[in-house]
2 protein chains.
Amino acid sequence: MGVSDRRTRHRVNLRREILDAASQLFVEEGYQRVTMRRIAERIEYSPTTIYLYFKDKAELFQAICEETFSQLTGTLERLEAAPGTPLAHLREGLQTYIDFGLQHPAHYAATFLRTTKGGEASHYDGSIGARAVDTLRQRAAACVESGDIHTTNIDMTTQALWASIHGLTALLTTEHGFPFVAPKVLIDHLLDVLIAGLRSQIAAPRTSPPRPAHTPKPFSFID
Amino acid sequence: MGVSDRRTRHRVNLRREILDAASQLFVEEGYQRVTMRRIAERIEYSPTTIYLYFKDKAELFQAICEETFSQLTGTLERLEAAPGTPLAHLREGLQTYIDFGLQHPAHYAATFLRTTKGGEASHYDGSIGARAVDTLRQRAAACVESGDIHTTNIDMTTQALWASIHGLTALLTTEHGFPFVAPKVLIDHLLDVLIAGLRSQIAAPRTSPPRPAHTPKPFSFID
DNA sequence: ACCCATGGCGTAACGCTGTTAACTATATGA
DNA sequence: TCATATAGTTAACAGCGTTACGCCATGGGT
């Protein structure tokens, strides 16, 4: 038994080695530029060995992303316990989300900037990204309950918030070369606008005019 | 001379054929899944012929994106002439931007979801994406001038708006499988919140508390 | 003590990719 | 008519993710 224990320990260790080496490479150079052969070179094994531990390159990368993202959800859930008003909690959650994306751009991109193929419609329940979004939803719901904000649909509001902070994170991490104002300032401003916008909906929940004609053609997407 | 005219006409035509065939394929299947060989097959030429007209796959795709995006900037500039308040103009501009992304997800993704490599920092001045953003800036500036909104930095506000609508566009086009509320509703809501948020800044330009400690590590990005 | 099965890993290869070098055929201008 | 330029093709290269297969040390059964 002790022998087979040592065996499985070795298995686990090698799996960890692969994860660590691959993670570092992915962060440094991005998904596409990293090859299975280069990962193998790092750990001084043959390329095919990786396939004994991971089905393919995508699964390897997803495993890494899930590990990284569990840090985010962990941080978000820990913030829950901290003192503060629901509105402050919400703001901190949004802030944390953005900061996370800026600190882990490769993993963030892999999880949320992946141009998924049209056919499959990957199952989202329990997905690592969905969990992070869900914590934001809880914060928003708390604000509704405390009367700080009002909305006709909490999911709608959560998704609008998510879209905004996702967009900022995506732009800041991918659009280098664009002359952005200082990130801190930009982030603060966006959060100001969003929260002010949500709060103002208390008084006037329907600001929008009955939307002009301007009907876009039904779009045919993919990738 | 007439002969060389015919020659160049042929050149232009073939270039068009390549652009059209490639565009259709890219839209249908996305950048990665389309190969030079398949494009060549479509137009019934050898793969290498494409390289007589475009430096490489990336340049071919960028040419397509620029054509498509010029439609967006064209639409945006035409909207300028339409009657309406500055605020309505701004909203229409944001709306148009999102609709465009939903109608041309592949081109949008190629232009704005491209995970650019860290080193080069592509020149953004005059870039096709930057032009679209610039029209949004003009609309926002008009709102400031008319007194509809207030901001300490028009670039900051433009970028915050851009980030939000980019995020929504990106999520709606890439995150299939996620249970979004109806796109129309979601878009309207986001625009409501954003514009309400900007308007409320007139009365209270500094809503944000002096930001809690929570300093994120300086991030080391790439990809 | 022997044998065989199993697990862990490497070698070689397949089919694919973007791209380039070298070649051919056609048509032009002198 | 001959040289030259142009437009296109064929063949190949280097690299990719991935798989089929062979090797060898170890472990348990007899």
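In what follows, every heavy atom counts, from backbone to side chain, and hydrogens, waters and symmetry copies are set aside. Below, chain A is the first sequence line, B the second, and so on; all start at residue 1.
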A.B. asks: Parallel, tilted or perpendicular for B:F112 and B:F69, by the 30°/60° rule?
C.D. replies: perpendicular

A.B. asks: Could B:K184 and B:D99 be called an ion pair, given the rule that one side-chain N must be under 4.0 Å from one carboxylate O?
C.D. replies: no

A.B. asks: Quick one: B:L52 CG to D:dT6 P, roughly how many Å, whole number?
C.D. replies: 12 Å

A.B. asks: Among D:dA7, D:dG17, C:dG18, which nucleotide sits nearest the side chain of A:T35?
C.D. replies: D:dG17

A.B. asks: To check you understand the geometry: which heavy-atom pair defines the closest contact between A:E17 and A:I43, and what is its length?
C.D. replies: O-CG2, 3.7 Å

A.B. asks: What orientation do A:Y97 and A:Y108 show, parallel under 30°, tilted 30 to 60°, or perpendicular over 60°?
C.D. replies: perpendicular

A.B. asks: Return the residues of residues 37-49 of chain A meeting this criterion: a heavy atom under 4.0 Å from some atom of DNA chain D. Order them by number, or give none.
C.D. replies: A:R37, A:T48

A.B. asks: Taking side chain as C-beta onward, heavy atoms only, is B:L136 less than 4.5 Å from B:I165?
C.D. replies: yes

A.B. asks: What is the separation between atom CZ on B:R33 and atom P on C:dT17, rounded to the nearest whole Å?
C.D. replies: 12 Å

A.B. asks: Report the distance from atom CD1 of B:I50 to atom P of D:dG8, rounded to the nearest whole Å.
C.D. replies: 12 Å

A.B. asks: Can you tell me the distance, in whole Å, between the CE atom of B:M36 and the P atom of C:dT19?
C.D. replies: 6 Å

A.B. asks: Angle, rounded to 10°, between the helical axes spanning five pairs at each terminus of the helix from C:dA1-D:dT30 to C:dA30-D:dT1?
C.D. replies: 30°

A.B. asks: So B:T68 and B:T111, do their side chains get closer than 4.5 Å, heavy atoms only?
C.D. replies: no

A.B. asks: Mind running side chain to side chain contact (heavy atoms under 4.5 Å, CB included) on B:W162 and A:F178 for me, showing each step along the way?
C.D. replies: CA-CA 12 Å; B:W162 179 32; A:F178 188 90; 3.7 Å; yes

A.B. asks: Rounded to the nearest Å, what distance is computed from the OH atom of residue A:Y51 to the P atom of nucleotide D:dA20?
C.D. replies: 13 Å

A.B. asks: Can you check the B:L14 CG to D:dT6 C1' distance for me, whole Å?
C.D. replies: 13 Å

A.B. asks: In terms of side-chain geometry, is the basic nitrogen of A:R131 or A:E66 positioned less than 4.0 Å from the acidic oxygen of its partner?
C.D. replies: no

A.B. asks: In terms of ring plane angle, is the pair B:H104 and B:F100 parallel, tilted or perpendicular, where the classes change at 30° and 60°?
C.D. replies: tilted

A.B. asks: Take atom CD of B:E59 and atom C1' of C:dT19, then tell me their distance rounded to the nearest Å.
C.D. replies: 14 Å

A.B. asks: To the nearest Å, give me how far apart CZ (B:R15) and P (D:dA7) are.
C.D. replies: 14 Å

